[in-house]
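Quick one: structure below, then a few questions.
Chain identifiers are assigned alphabetically (A, B, ...) following the order of the sequence lines, protein sequences preceding nucleic acid strands; residue numbering begins at 1 within each chain. Since we're looking at a predicted model, the values are computed, not measured.
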Amino acid sequence: MKAGPPDMPELPEVETIRRDLEARVLGRHITGVVIAPETGKPVPVLKGIDEASFREGVAGARIEGVERRGKYLALRLDTRLLLIVHLRMTGALLRRTADAPPDRFLRAVLKLDDGSELRFTDIRKFGGLWLAEDYSDVTTALGPEPLSEGFTVEGLTVALAGRKAPVKSIILDQRRIAGIGNIYADEACFAAAIDPRRLGAKVTEAEIEALHAAVREVLLRGVESRGASFRDYQDANGKQGNMQMYVKVFRRTGKPCYTCETPIERVKVGGRSTHFCPTCQR
DNA sequence: CTTATTCCCTGATTGC
DNA sequence: TGCAATCAGGGAATAA
């Protein structure tokens with residue numbers, strides 16, 4: 001496995017986990033919860049709820065749906081509550097048999113009535129679990145799902161109109177579009193031939209159409225590839241994705257652009273590492 | 001409403 | 001060789 005900074009679960013990665021879990025845990029009952037002892041600096045894995053209340057809220061509940069909203073994953077319980085998970089940077093949600101070897105960086109375990117377990121691991125402890133009635137209880141309002149009909153050229157036009165923020169920052173903003181992270185933002189800007197540093201207000205009508213199509217294209221390819229595993233990402237079965245083999249610019253700094261052979265450049269946009277081709281992207 | 005900055009956390013990498 | 005400093009980043013909080 002290639003070394004480097006961690007890769008972060010974005011829409012395609014979370015969707016891959018969702019599909020894996022839907023096929024395996026739908027209809028199962030949660031029989032127990034185990035919170036792993038803290039290692040390093042103590043950071044609660046349960047957000048906005050104490051352990052006893054969480055256990056009481058999920059124990060015995062039946063899993064009636066496995067959902068995704070943006071980068072949030074949720075188990076819909078028959079109690080009408082959502083057990084919401086966010087993996088942030090290094091989180092994983094692994095389906096294991098109860099006798100499987102211990103996982104490193106374990107933070108919480110949901111035990112199921114078929115003897116399997118859902119293990120939440122997280123090296124950097126940015127992720128967490130919530131128990132809530134709705135996504136709006138745990139996050140600011142999320143924009144449309146980019147792979148749904150709710151994501152339109154018109155909506156993207158409004159999101160960019162008059163804005164002085166870089167186009168990359170705008171498509172990374174979960175309130176504008178839900179689910180795009182650093183990998184797919186860079187790939188979408190390349191596919192649309194737009195310099196990621198360009199201000200939103202300076203993107204033309206034709207380019208907005210191209211960007212709309214590009215966002216959908218790169219995310220669909222990501223889902224088809226079962227996500228990108230540059231280092232840490234793994235699906236619910238502990239397997240890596242393949243999207244890292246198809247990226248055109250992300251973490252290809254100094255390597256030749258596949259289109260024009262100009263070396264890919266890396267800059268900071270909105271505090272995030274940003275990769276682009278200075279020739280193809282204007 | 002906007003945009004920019006800081007913070008959280010720890011394994012990998014870089015620098016001396 | 002060793003050990004400290006630096007880096008990565010999603011999203012919330014804060015500042016302006």
Side-chain N or O of A/T139 closer than 4.0 Å to phosphate OP1/OP2 of C/dA12: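 Yes, A/T139 has a side-chain N/O under 4.0 Å of OP1/OP2 on C/dA12.
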Under 5.5 Å and under 30°: A/F126 stacked on C/dG10: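 Yes.
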Touch class at under 4.0 angstrom, heavy-atom based, for A/T39 against every strand present: sugar-phosphate
Lys NZ or Arg CZ of A/R216 over A/F151 ring: under 6.0 Å, within 45°: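 No, A/R216 and A/F151 do not form such a contact.
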pair A/I63-A/L83: side-chain heavy atoms closer than 4.5 Å: no
Kindly list each side-chain donor-acceptor pair under 3.5 angstrom involving residues 55-62 of chain A, sequence neighbours excluded, with atom names and distances?
{"unit_1": "A/R55", "atom_1": "NH2", "unit_2": "A/V33", "atom_2": "O", "d": "3.0"}
{"unit_1": "A/R55", "atom_1": "NH2", "unit_2": "A/E51", "atom_2": "OE2", "d": "3.2"}
{"unit_1": "A/R62", "atom_1": "NH1", "unit_2": "A/E64", "atom_2": "OE2", "d": "2.8"}

Any donor-acceptor N/O pair under 3.5 Å between C/dA8 base and A/R124 side chain: yes
Closest listed nucleotide, where the reference is the side chain of A/M8 and the choices are C/dA12, C/dG10, B/dA12: C/dG10
Strand-adjacent residues in residues 158-180 of chain A, judged by heavy atoms under 4.0 Å from DNA chain B: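 DNA chain B contact set from residues 158-180 of chain A: A/R163, A/K164, A/A165, A/R176.
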Heavy-atom donor-acceptor pair, A/R88 side-chain to C/dG9 base, under 3.5 Å: no
Donor-acceptor contact below 3.5 Å, side chain A/T262 vs main chain A/T279: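 Between the backbone of A/T279 and the side chain of A/T262 there is no qualifying donor-acceptor contact (under 3.5 Å).
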Between P of B/dC9 and CE of A/M89, the distance in whole Å: 14 Å
Donor/acceptor link under 3.5 angstrom from A/R251 side chain onto base of C/dG9: no
Members besides A/L82 in its Ile/Leu/Val/Met/Phe/Trp/Tyr cluster (side-chain heavy atoms under 4.5 Å): A/Y72, A/I84, A/W130, A/Y135, A/V138, A/L142
Any donor-acceptor pair under 3.5 Å from A/Y233 side chain to A/E13 backbone: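 Present.
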Euclidean distance, atom CD1 of residue A/I123 to atom P of C/dG10 [Å, nearest integer]: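 Roughly 15 Å, once rounded to whole Å.
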Touch class at under 4.0 angstrom, heavy-atom based, for A/K268 against every strand present: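 If one applies the 4.0 Å heavy-atom cut-off, A/K268 turns out to touch the sugar-phosphate alone, with no base involved.
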